[in-house]
Amino acid sequence: MRSLGLILCWISFLTLSISISASSDDQFTVDGTVLELTDSNFDSAISTFDCIFVDFYAPWCGHCKRLNPELDAAAPILAKLKQPIVIAKLNADKYSRLARKIEIDAFPTLMLYNHGVPMEYYGPRKADLLVRYLKKFVAPDVAVLESDSAVKEFVEDAGTFFPVFIGFGLNESLISGLGGKYKKKAWFAVAKDVSEDTMVSYDFDKAPALVAKHPTYNEHSVFYGPFEDGFLEEFVKQSFLPLILPINQDTLKLLKDDERKIVLTIVEDETHESLDKLSKALRAAAHANRDLVFGYVGVKQFEEFVDSFHVDKKTNLPKIVVWDGDEEYDQVTGIETISQEEDHLTQVSRFLEGYREGRTEKKKINGPSFMGFINSMVGIRSVYIIVFLVAVIMMLRSLGQVEEPAGVRTTTAAHERVDQTTSVPEGETSEHKLSDKKED
């Protein structure tokens with residue numbers, strides 16, 4: 001009997017040990033360090049933490065290596081928040097099956113999981129800016145500001161990456177729904193009992209008023225109502241973008257979420273001083289035509305995009321069109337360019353009048369793969385480089401000088417992500433594709 005008892009105790013011990021061992025992978029120590037995830041505990045981590053920021057990396061990726069100390073510095077700060085954010089990383093090169101399942105196709109890929117819901121991160125990567133950016137996602141939907149100093153502190157803490165909406169004298173219930181709905185896009189607050197100095201500072205003369213600030217573009221606008229029947233939400237949606245938007249690979253992704261058509265002005269060089277005069281005219285037109293997005297792009301800055309609108313060396317610039325954000329654009333008959341000799345605002349007004357009256361010619365974007373370019377942000381130059389490298393390998397193989405390395409895969413299409421930092425220059429945005437395993 002004693003032997004039987006010992007055997008039963010031993011079996012119980014083994015069962016308990018196995019149980020503890022099986023669950024140990026799902027137990028995470030949150031001490032302000034970056035968690036290292038595997039394919040066996042990834043799902044558990046996502047379900048365990050309300051907010052977890054995951055870096056999908058490859059050990060050979062130079063950009064990933066440079067990101068590591070930034071994540072190490074940000075992790076303890078984010079862990080101490082009232083609603084902590086956990087930083088973790090997963091070797092997507094090692095756990096390639098999991099990487100393919102969640103469609104990781106570039107290194108590093110950064111994902112924020114908020115209550116299990118994934119959102120790809122395109123923000124800055126420097127530790128201090130990363131912290132400021134991520135704090136947005138655990139902040140209240142709408143902050144309540146009780147003083148001038150609270151307003152100032154709120155705006156400073158918000159940073160420059162998101163537009164800021166402050167309702168002065170506005171009932172919190174009117175804006176709370178918008179704060180929750182558009183939490184990922186902007187900061188929202190209501191302010192009470194502010195001084196006249198604050199009113200002057202934010203350029204409004206009566207309450208209630210909703211002030212919209214776009215720090216990235218140094219823009220400011222005020223909405224005095226009506227605050228019902230969808231008017232308030234429409235103002236908020238239109239204010240996510242500045243009145244005139246510089247078009248680049250980052251801002252193109254912002255346009256994907258906006259249903260409005262784009263009045264696109266194509267110039268030779270968007271840094272030239274002549275753009276100042278044209279910008280004033282476009283800004284004035286944008287104020288009066290909020291149902292349209294106004295944007296500009298320079299041939300010098302974004303030639304591969306501009307080429308899609310049939311612009312060549314013979315084209316007179318600035319050229320102005322209305323783009324549907326897809327594969328077509330409208331050209332107004334008789335007003336294809338903006339003359340430097342005539343008042344710019346008058347010309348833009350005539351262009352818009354012609355567009356509204358339907359005096360247009362519809363044209364297709366130049367090139368069959370334009371939508372693929374917009375959606376996946378594949379740079380034409382990147383494709384050229386890949387095609388060139390493949391051609392070199394094939395040529396060398398045909399000459400019998402080298403054999404193709406076993407680890408090299410060639411594909412007919414390349415997909416490369418470009419990070420969005422809402423046009424803010426801070427933070428690195430470079431990435432490696434999965435098929436590009438070269439060190440920096």
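Each residue takes its place number in the sequence, starting with 1. In this text the structure is predicted, and so the values were computed from the model without any measurement.
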No-hydrogen, no-angle side-chain donor-acceptor test under 3.5 Å, T315 and D312: yes

Polar contact flag, side-chain donor to acceptor under 3.5 angstrom, S195-D197: no

Which residues share a ring pair (Phe, Tyr, Trp, His ring centres under 6.0 Å) with Y95, sequence neighbours left out: none

Ring pair (Phe, Tyr, Trp, His ring centres under 6.0 Å) partner of F227, chosen from F231, F223, Y224: F223

Going by the angle between their ring planes, with limits at 30° and 60°, are [X] and [Y] parallel, tilted or perpendicular?
| X | Y | result |
| --- | --- | --- |
| F137 | Y133 | tilted |
| F49 | F28 | tilted |
| Y113 | F42 | perpendicular |

Trace of the salt bridge (Lys or Arg N to Asp or Glu O under 4.0 Å) decision for D324 with K362: CA-CA 10 Å; D324 67 355; K362 195 169 291 295; over 6 Å; no

Nearest heavy-atom neighbours spanning K319 and Y329: NZ-OH, 4.0 Å

Nearest atoms (heavy-atom pairs only) where D330 meets K261: OD2-NZ, 4.2 Å

Heavy-atom donor-acceptor pair, N41 side chain to T38 backbone, under 3.5 Å: yes

Between Y57 and F107, ring centroids under 6.0 Å: no

Option from K237, K184, K185 for which salt bridge (charged side-chain N to carboxylate O under 4.0 Å, His left out) with D257 holds: K185

